[in-house]
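Structure record follows, encoded as structure tokens.
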Protein chains: 2
Amino acid sequence: MVKLYFSITMNYDLEYIKNEINQEVFMEKETRIFKDSVYAQIARIGKAISSPRRLEILDILMQGSKTVETIARETDMSVANTSQHLQTLLESRLVEYEKRGVYSYYKLADRMVGNFILSLQLLAEKRITELQKLREEIYTNRDNIEQIKMSELIVRMKKGNVTLIDVRPKEEYEMMHIPGANSIPIEDLEKHLATLPINQEIVAYCRGRCCLLSVEAVEILRAHGFKAVRLEASVQEWLSQNDDEYSNAHNCCNKKNSIIS
Amino acid sequence: MVKLYFSITMNYDLEYIKNEINQEVFMEKETRIFKDSVYAQIARIGKAISSPRRLEILDILMQGSKTVETIARETDMSVANTSQHLQTLLESRLVEYEKRGVYSYYKLADRMVGNFILSLQLLAEKRITELQKLREEIYTNRDNIEQIKMSELIVRMKKGNVTLIDVRPKEEYEMMHIPGANSIPIEDLEKHLATLPINQEIVAYCRGRCCLLSVEAVEILRAHGFKAVRLEASVQEWLSQNDDEYSNAHNCCNKKNSIIS
DNA sequence: TAAATATTCAATTGATCAATTGAATATTTA
DNA sequence: TAAATATTCAATTGATCAATTGAATATTTA
């Protein structure tokens, strides 16, 4: 028997089903209703990530939990608009929130969500050639920035002839960072130039593929005579490759301090 | 300088940019255009998977390449409608096709696409409680079908007291299957009952989480006095867990024979 | 040339947004 | 109670679909 649940989700005409006599035809119909319902539910996640604005919000939330105001500022949207997009993400179960005093802190609902968004970005990067062009374009425009891959960074770090800097906001660094990285938020970079080695290569990283903070950092460093390149990957990519070692050996990801108010 | 490419993708007013004098403001604007363009491109994939119908098509293509007619039959859609959905998927670069005689064979454009769709399904399964309910519902409705996980199957197969059957169409079995499985397409099951052991547990698997073929198989087997359960996972899930061993040790995935015409 | 398959075209029906804003309301803290 | 933050409401503007069909057209084989 098709239960009420199906009729709710699919608005299916129960009377019609009841009058159906042929068992085989009935089973086929039930299978169809089931499939329609299942794919409709999965499509909820698809719909959530079909908006560029919401993708930008998710990308920011990959760095940790944030208030509505912070997200609005980062994405150049109004608070009202941001809040509404967040409600949509909430309905698709991709994000969660927590009230702390007068602030609402939003975060990704699950570690799986972060990995999923990351794999979406990597898939898009690989499949959509326009995206590759777009990225090449901006790196060329901006002073012919050189990029290195994660594997290359690891090789150079083992040799010890590289300085790694994290140019994201301090809170994001404190939430999680690549071991061995120094936190120099982009707006403090010019103040900290004296502490950086002029004879060694500097590798800057930021939020990842869609973020230009490290590009900006490399531009500033080069303008002051430093040798600097950009790391292509983000903390998240690093983490998804070095998951176990990271959490066990380094333990620099202190969840308790994850929200800086 | 913002290049023409941006103005094409974003319909951006170049004149306005040229007249912009402040360098910092200009950079901010360029960053914004870049981000908007990047997220718009990524959203193309989101849009492709925001339709339940297209998700169903992608799910079928996970089993290998198929003609438009086959896909239309499997999804209960008209050929015209199927073709149009396939054009959308083509534009989002998730599928590719090849002409062979009078047929067009569509397939997933990349192995990454299959893994991505699989992770979408797993994410939806975990996050969307309605989906869990829907599935419980149907298994309860259909004779209280029991399901086992991949890990459990492996344990039982090592003990040797289990018969594994693949109830998908023969072409899909030939394309790729779990080692040790016997191909018994659902429509041939009743003919093959005599060849199955009555005293041993039979595990049936099909296309995966959204497919009911194995559920049907278990129902038939039980009705004839067999002890039968359903495997929760699909070949794809098995493959994503046992990738290297599979392709090296077994080599039963013969790409040359992947298309049966 | 006839038959089979796939794509495209034109059209329908209906919904549902997409992104956004300003103002009102609710909530919490100091 | 005033101030700050977040959500909701009502409204705008504009697009773009979502899913679908039947018929026409294109393509290929036998």
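Chain letters run A, B, ... following the sequence lines, proteins first, then strands; residues in each count from 1.
Between A/Y106 and D/dT7 there is a side-chain polar atom (N or O) within less than 4.0 angstrom of OP1 or OP2. Look at B/S78 and you'll find a side-chain N or O under 4.0 angstrom from OP1 or OP2 of D/dT21.
Ring geometry for A/Y103 versus A/Y105: interplanar angle of 30 to 60°, hence tilted.
Distances from the side chain of B/S104 to the nucleotides C/dT5, C/dT7, C/dT28 place C/dT7 closest. Checked against C/dT28, D/dA19, D/dT21, the side chain of A/V102 finds its nearest nucleotide in C/dT28. For A/Q87, whose side chain is taken as the heavy atoms from C-beta onward, the closest listed nucleotide among D/dA6, D/dA19, D/dT7 is D/dT7. Closest to the side chain of A/R54, from the set C/dT20, C/dA18, D/dT5, is C/dA18. When distances run from any side-chain atom of A/M77 to the nucleotides D/dT8, C/dT20, D/dT21, the shortest one goes to C/dT20.
To the nearest angstrom, C1' of C/dA4 lies 18 Å from CZ of B/R100. If you measure from atom NZ of B/K47 to atom C1' of D/dT16, you get 10 Å, rounded to the nearest angstrom. Per the geometry, CG belonging to B/N81 stands 12 Å off P belonging to D/dA18, to the nearest Å. The separation between A/Y103 atom OH and D/dA6 atom P is 7 Å, rounded to whole Å. Whole-Å rounding puts the A/E56 CD to C/dT20 C1' distance at 15 Å. In this structure, A/D76 places its CG atom 16 Å from C1' of C/dT21, rounding to the nearest Å. Rounded to an integer number of Å, the gap from OH of B/Y97 to C1' of D/dT27 is 11 Å. A/E98 has its CD atom 13 Å from the P atom of D/dT7, to the nearest Å.
The pairing partner recorded for D/dG14 is C/dC17, the criterion being a Watson-Crick or G-U wobble arrangement whose two distances lie under 3.5 angstrom. Look at C/dA24: its Watson-Crick or wobble partner, with both distances under 3.5 angstrom, is D/dT7. Across all strands shown, the partner of C/dA30 is D/dT1, judged by Watson-Crick or G-U wobble contacts whose two distances both fall under 3.5 Å.
As judged by a 4.0 angstrom heavy-atom cut-off over every strand, A/Q84 is placed among the base-contacting residues. Residue A/V68 is classed as a sugar-phosphate contact, given heavy-atom separations below 4.0 Å to backbone atoms only. Across all strands, B/T67 comes closer than 4.0 Å only to sugar-phosphate atoms, never to a base (heavy-atom distances). Among the protein residues, A/V79 comes within range of the nucleic acid bases, having at least one heavy atom under 4.0 Å from a base atom. Using a 4.0 Å heavy-atom criterion, one finds that B/S51 contacts the sugar-phosphate atoms exclusively.
Between B/V235 and B/Y205 the shortest heavy-atom distance is CG2-CE1, 3.5 Å.
Counting non-hydrogen atoms of other residues, nucleotides and ligands closer than 6.0 Å to OH of A/Y139 gives a total above 12.
Mapped onto DNA chain C by nearest heavy atom, A/K99 and A/H85 fall at different nucleotides, with A/H85 at the one closer to the 5' end.
Of the residues listed (A/V95, A/T88, A/I71), the one engaging A/I57 in a side chain to side chain contact (heavy atoms under 4.5 Å, CB included) is A/I71, and it is the only one. Under the side chain to side chain contact (heavy atoms under 4.5 Å, CB included) test applied with B/D59, the options B/R209, B/R207, B/Q236, B/Q121 reduce to a single match, B/Q121.
When the P atom is compared between C/dA15 and D/dA15, the two are found 22 Å apart, to the nearest whole Å. Comparing the same atom, C1', in C/dT16 and in D/dT12 gives a spacing of 16 Å after rounding to whole Å.
Counting only N and O atoms by type, the side chains of B/S214 and B/R230 include a donor and acceptor under 3.5 Å apart.
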